[in-house]
Chemist: 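This is the structure I have questions about; it appears just below.
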Amino acid sequence: MAVTRWLRRHSFCLSRRKRSLLLKLTVVALASFLFCEFLIYYLVIFWCRWPEVGTPAPGKRGPVLKAMFLADTHLLGEITGHWLDKLRREWQMERAFQTALWLLQPEVVFILGDVFDEGKWSSSKAWEEEMARFRQMFRHPGHVQLKVVAGNHDIGFHYEMSPYKVRRFEEVFSSDRLFSWKGVNFVMVNSVALEGDGCGICSEVEAELTEVSRRLNCSREQVPGSGQCAGGQQLPASAPILLQHYPLYRASDANCSGEDAAPPEERNIPFQEKYDVLSREASQKLLWWFRPRLILSGHTHSACEVLHRGGVPEISVPSFSWRNRNNPSFIMGSFTPRDHALSKCFLPLEGTVLSTYCAAAGLLVVLTFARLECLTSPFLSVWTLLRMHMAR
């Protein structure tokens, strides 16, 4: 009877300890999940700040346009994309984008090409599925503008382009080459089509760009009465910002620096014209046509700042996805018709998230083994008691 009473009492204690262990394990697992999948984005992006534009003369500050720039999201397709890779990296981009919208309140967001990884191969059905995922991930309020330029993975390299692929892309993201807001002009370039070989798509794109160049030059030179500038809507008299996927020509990333630049072993690898960067000829044309005050580009997946002829700065925007780098980021820009300022906002490191999960898993193992030791000791006591009873 004594053994029976002892067992009943200890079985109740064991049941209570099991419940306590299960509760602790659940709390640790849930807390690590909430931190890694939600809270970490708020904690990191909270520290990003819009840059201040240079102080103007008293009473002359105009409206400031707040713009976000990101690049190379590479939404995975059905051919090479693994479902787990899609789930992990696309959830990261969705949480980062939605958190940035909520905390930073940009007025316009620009994506600098390679939205999709397999747009150049996608069937009509696959394209629709990828578009549905894009709309879910990059959903935004109606007062926020979202503008996208074409990349080589969206419509194919020059030799893979077709009128169908270009039209399919532009039906969704617009074919506008010029976007003006608050007196600031943005020129959105289909840099994939700047091959310079006279192909049909290339000739059409160049004709559109020369027309935009003419309108911008007329607005800056303010000669509305001349024959060339007569008629048409007057644009803000402001030097444009050039937005494109391919960077302008540079020999390599050898002069790039910073924590999100290309790895040291890759920086001296020469770039191939018309593949890694635009050709010298196309780059000179863009600088001559538009005389921009700033250029932003993507494609390389790494950060770089280059000064081109005339002191025109170009910023290469790193990839927004963990799939392409451990420390993705985006650019925040404050713009007025005459001035601008840029800052960079880093996203959570994938390594930090993985380390947090590993630490949580280790804690779960420690808690489990510690409790198992406590749970097994009463059973040893029972076995000893039974042996003593049987010995009598």
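Atom set for the values below is all heavy atoms of this structure, side chains included, hydrogens, waters and symmetry mates excluded.
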Chemist: Under a 4.5 Å side-chain heavy-atom rule over Ile, Leu, Val, Met, Phe, Trp and Tyr, are I331 and V149 clustered together?
Modeler: yes
Chemist: Report the residue from W50, F186, W181, F179 that forms a ring pair (Phe, Tyr, Trp, His ring centres under 6.0 Å) with F335.
Modeler: F186
Chemist: Kindly give the heavy-atom pair with the smallest separation between D276 and P247, and that separation in Å.
Modeler: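 That would be O-CD, 3.5 Å.
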Chemist: Verify, without hydrogens or angle tests, whether T210 (side chain) and A207 (backbone) share a donor-acceptor contact under 3.5 angstrom.
Modeler: yes
Chemist: Go through D72 and H153 one step at a time and tell me if the side chain to side chain donor-acceptor pair (under 3.5 Å) criterion holds.
Modeler: CA-CA 9 Å; D72 295 277; H153 279 263; over 6 Å; no
Chemist: Do the side chain of D117 and the main chain of L75 share a donor and acceptor less than 3.5 angstrom apart?
Modeler: no
Chemist: At their closest point, which heavy atom of A341 faces which heavy atom of P51, and how far apart are they?
Modeler: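 In terms of heavy atoms, the two residues are closest at O-CG, 3.1 Å.
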Chemist: Can a donor-acceptor pair be found, under 3.5 Å and without considering hydrogens, that links the side chain of K165 to the backbone of E160?
Modeler: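 A pair under 3.5 Å: yes.
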Chemist: Shortest non-hydrogen contact from L294 to V312?
Modeler: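 Shortest heavy-atom separation between L294 and V312 comes out as N-CG1, 4.4 Å.
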Chemist: Taking the side chain as every heavy atom from C-beta outward, state whether E314 and H308 have any atom pair closer than 4.5 Å.
Modeler: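 In short, these two side chains touch, coming nearer than 4.5 Å.
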Chemist: Whether R325 and D260 form a salt bridge (side-chain N of Lys/Arg under 4.0 Å from carboxylate O of Asp/Glu) is what I want to check.
Modeler: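 So D260 does not pair with R325 through a salt bridge.
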Chemist: Starting from L243, can I reach V212 by hopping between I/L/V/M/F/W/Y residues whose side chains sit under 4.5 Å apart?
Modeler: no
Chemist: Does L349 belong to the same Ile/Leu/Val/Met/Phe/Trp/Tyr cluster as F35, with side-chain heavy atoms less than 4.5 Å apart forming each link?
Modeler: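 Shared cluster, no.
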Chemist: With E90 as reference, evaluate E94, R88, K86 under the side-chain contact (heavy atoms from CB on, under 4.5 Å) test and give the passing residue.
Modeler: K86
Chemist: Given the rule in the salt bridge (charged side-chain N to carboxylate O under 4.0 Å, His left out) test, do R177 and E211 qualify, once you have shown the distances and angles that lead to the verdict?
Modeler: CA-CA 10 Å; R177 303 289 177 222; E211 172 59 20; over 6 Å; no
Chemist: How about L209 and L194: do any of their side-chain heavy atoms sit closer than 4.5 Å?
Modeler: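 Answer yes - side chains close enough.
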Chemist: Would you check if there is a donor-acceptor pair between the side chains of H301 and D114 at a distance under 3.5 Å?
Modeler: no
Chemist: If we ignore angles and hydrogens, is there a donor and acceptor under 3.5 Å between the side chains of D197 and H158?
Modeler: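 On atom types as modelled, these side chains qualify, holding a pair under 3.5 Å.
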Chemist: Would you call R280 and E273 a salt bridge, taking side-chain N to carboxylate O under 4.0 Å as the test?
Modeler: yes
Chemist: Is there a donor-acceptor pair under 3.5 Å between the side chain of S191 and the backbone N or O of Y246?
Modeler: yes
Chemist: Kindly say whether the aromatic ring centers of W127 and F116 come within a distance under 6.0 Å.
Modeler: yes
Chemist: How about Y249 and F271: are their ring centroids closer than 6.0 Å?
Modeler: no
Chemist: Measure from the ring center of W91 to the ring center of F38 and say whether it is less than 6.0 Å.
Modeler: yes
Chemist: Hey, are the side chains of M188 and F110 touching, using non-hydrogen atoms and a 4.5 Å cut-off?
Modeler: yes
Chemist: Heavy atoms only: give me the nearest K344-P318 pair and the separation to one decimal.
Modeler: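 Reported closest heavy-atom pair: NZ-CG, 4.4 Å.
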